Amino acid sequence: MASVSYSSLLMVGFVLRCLILVASQQHDLSTMLALQKELLVPGWDPNSSDYCKWIGVHCNSNGSVENLALPHHELRGNLSVISLLNTLKWLDLSNNFFHGSIPSAFGNLSELEFLDLSLNKFEGSIPVELGSIQNLRSLNLSNNMLTGKIPDELGDLERLEELLLSGNMLNGSIPHWVGNLTNLRVFSAYENYLSGRIPENLGLVSKLKVLNLHSNQLEGPIPESVFASGKLEILVLTLNRLNGSLPESLGNCPGLSNIRIGNNRLVGSIPIAIGNASSLTYFEANNNLLSGKIVPEFAKCSNLSLLNLASNGFTGTVPTELGELVNLQELIVSGNSLIGDIPRSLLRCKNLSKLDLSSNRFNGSIPKDLCNMSRLQYLLLGQNSIRGEIPNEIGNCVRLLMLQVGSNYLTGTIPPEIGKIKNLQIALNLSFNHLHGPVPHELGRLDKLVSLDLSNNQLSGSIPPELKGMMSLIDVNFSNNLLLGQIPTFGPFQKSQTSSFLGNKGLCGDPLSSCGGSFGSNGGLNHHKVSYKIILAVVGSGLTVFVAVTIVVLLFMMREKQEMAAKAASVVVDDNTSSPSIVASSIFVENLKQAVDIESTVKATMKDANKISSGTFSTVYRVVMPSGLILSVKRLKSVDRTVLHHQSKMIRELERLGRLCHDNLLRPIGFVIYEDVALLLHDHLPNGTLAQLLHDGTKTKFEPNWPRRLSIAIGIAEGIAFLHHVAIIHLDISSGNIFLDANLKPLIGEIEISKLLDPSKGTASISAVAGSFGYIPPEYAYTMQVTAPGNVYSYGVVLLEILTTRLPVDEAFGEGIDLVKWVHGAPARGETPEQILDSRLSTVSFAWRKQMLGVLKVALLCTDTTPAKRPKMKKVVEMLLEVNQE
């Protein structure tokens, strides 16, 4: 038998490998073409066989698909065909519109190491087949609608480093096997319905760095084991039902930066080992049952920027050592039983922006040099036993947004220097003290103040007319003082409840009873009680004119009364009577036509009890249909009787808007037109607006989260880019007009305002709608036209809000400085970009900080003062998607 040469064997092997390679490439080609047909991925050319150059596709040297990354592409469809890519190692389909069940066939992807299906609409349970992917290192199923328990089969994923299941509807307990995953670094399952105990072995064998389980129904103690490896960096367990004490072993973790254990049932004292957590930046343990003294060992955590111990049972004094925390920004110890003076050592905390000592037993006086804390924005000292006078030096706290010293034993007069705190806008509360003397007219300089409470003191004299300068005032209370004279004629006063002025025997005028025949506080005569003889003497020969004018006024009033009666007769809001005559109505969404009752909608918008908010151009109502469907209904305020004059044009525009198809637009689902009223029907969005998410923690249950914020930023950008693509320029882009659905997907609102306020206008004019203060680009001051580059600028401001969590306009920035100028001016102030970012996010991980810096660059481009230098929104989307893939 002839021997086969070695070279011949090599040749045969080479040929076999080539055949296998060709077969593999042909297999992947057919699979990718099938996937393109199913998903319609933008940029994938079905006529091209070079699938390795398609967007989001990476192949190995053999031409087999290894990576498939298609986040933020608005994709939907059947994903099962992906399971045929048997060399796939990386699969990222996050932030799309996939729904239904997660394909169980994904369990066949034996080489897969990274699987990210987050921010979609997947339903049902987690497939047990995923436990077969033995090489899997990262599994992210967050922010879907998954139900059921965490399957035990995932316990077979021994190489797993990241298990991310947050933002779903998972129930049951956390499986014991999670603690046996030796490679586990991150376990995140917050915002679910998980119950039971945290496994005792969690972190015992792994090198756990991040444990985030907030907003569940977990019980029992915090296991000592989570600190066992000494590697833990982030612990977030807020909003559960945990009990027991805080483990002493937390001192084993020098890299521990975040401890958030608020809103539980924890007891005992804070272990002194907390001082060993030298990297600690945030410590939140509010709303628990903790007791004992505040340990001075916190002072050893030199990076500590937030310390929140509110609503517990702490006693004793605030340790003087806390004054060594030069990076401390917020100290919140309200709702405890702390005693002693206001700690003077805290005056050394130069970066302190919030000091909340309210609802304790502090005594002593307010330090005169309190304003040495030059960055102080929130000073809350109410419900204590503080004595003495309010120091005149309080006027030096020029950055204060809120001053709350009510319910103490303060004496003396109200310092007129408070009028210097021009930034004061949230509240000034001096109630329930022993203050006397006049109300300083200087308070009228506080033109941004929303709430003023001076009640329950011994204030005397009249209410100064200068208080009319408080143009932002909404809530006032002067009750139970010694005030006298006539209440100044000022909208916020007359709109207040009568109770806001009661308890002042000498006070009169609207909203109280009319003043008597005595002289008012300004010495003027009360014209209501002047006698007929005096009128004759004063009027004299002008009596004829007086009578004539009176007759005209009476006729006018009679006509108005008749018109109002006629209107009232046709517009009856009682549920048992008819609605106004409806001119036109339409429901754009086919499957909602049976659920929406037009007459009920109209009636509901005539009841103030249903009102949610009121703005410059519209009022929004919450309307519950007889079918149970909840809608938000916007009632447009007519401009020059627009609805009457341009009904046909308005209807065409509404129907056009109803046909707009983009998942980041808040489109009307229908409309109703009657008389001079237009009602726009929208889906009800209980998560509110982006502004509430960023700036009002009381309005949202969601914790600060950078991936979520980046996802929101990308969604907004994609929505605006789409509007520009269909030649629609938005008139009022702001965080207050970005609404959030149940999955926190952003929806741009108010897109209909430009054409509906006056559809006769050919172009959008800034004279019609000025936009929101702080978002308006500088060129609008002279062009008077709303433009696409102007939209880019406004979006850039929203990006800066997302990055910094600061308001667009804040006097803390300095005179004439808004958020844009403050950020652009950081280099001149010697501040690094990291110093202007929200430190709650930028300090969590290097990856988050890197992405935030990338987004900051985009925001700076968008807010360039020269419109021509700003990128187009399509380019903005591309840049943000690149950042998201870093």
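Quantities reported herein were computed from a predicted structural model and do not represent experimental measurements. Only this structure's heavy atoms are used, side chains among them; waters, hydrogens and symmetry mates stay out.
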Check whether any side-chain heavy atom of [X] lies under 4.5 Å from a side-chain heavy atom of [Y], and answer yes or no.
| X | Y | result |
| --- | --- | --- |
| V792 | T787 | no |
| F114 | K89 | no |
| I198 | L218 | yes |
| V798 | I716 | yes |
| I714 | N95 | no |
| D116 | L93 | no |
| I150 | W177 | yes |
| D92 | L68 | no |

task = For the pair N192 (side chain) and M169 (backbone), establish whether a donor and an acceptor sit closer than 3.5 Å, ignoring hydrogens and angles.
result = yes
Polar side-chain atom of N664 near backbone of I720 as donor-acceptor pair, under 3.5 Å = no
Using only heavy-atom distances, determine whether the side chains of [X] and [Y] contain a donor-acceptor pair under 3.5 Å.
| X | Y | value |
| --- | --- | --- |
| Y190 | N705 | yes |
| Y793 | T865 | no |
| N212 | S188 | no |
| E74 | H662 | yes |
| H72 | N96 | no |
| T805 | R709 | yes |
| N62 | S64 | no |
| S142 | S166 | yes |

Would you indicate whether [X], at its atom [atom1], is surrounded by more than 12 heavy atoms from other residues, nucleotides or ligands within a distance under 6.0 Å?
| X | atom1 | result |
| --- | --- | --- |
| K209 | NZ | no |
| E158 | CD | no |
| F97 | CZ | yes |
| W90 | CH2 | no |

If you compare all heavy atoms of [X] against all heavy atoms of [Y], which two are closest, and at what distance to 0.1 Å?
| X | Y | result |
| --- | --- | --- |
| A859 | G796 | CB-O, 4.1 Å |
| L740 | N687 | O-CB, 3.4 Å |
| P254 | G230 | CD-O, 3.9 Å |
| W44 | V57 | CZ2-CG2, 3.6 Å |
| I55 | G43 | CD1-CA, 4.0 Å |
| P46 | Q36 | CB-OE1, 3.7 Å |

If I take atom [atom1] from residue [X] and atom [atom2] from residue [Y], how far apart are they, to the nearest 0.5 angstrom?
| X | Y | atom1 | atom2 | result |
| --- | --- | --- | --- | --- |
| W706 | L837 | CH2 | CG | 8.0 Å |
| I234 | N258 | CD1 | CG | 5.0 Å |
| D28 | N86 | CG | CG | 6.5 Å |
| E111 | I133 | CD | CD1 | 11.0 Å |
| N183 | E162 | CG | CD | 12.0 Å |
| R708 | N143 | CZ | CG | 6.0 Å |

inquiry  = With side chain to side chain donor-acceptor pair (under 3.5 Å) as the test, pick out the partner of N791 among H730, R870, H724.
reply    = H724
Between [X] and [Y], is there a side-chain N and carboxylate O pair less than 4.0 Å apart?
| X | Y | answer |
| --- | --- | --- |
| K207 | E233 | no |
| E161 | R185 | no |
| D45 | K53 | no |

query = When the ring planes of Y51 and W54 are compared, do they come out parallel, tilted or perpendicular, using 30° and 60° as the limits?
reply = perpendicular
key: Distance under 6.0 Å and angle within 45° of ring axis: R260 vs Y282   = yes
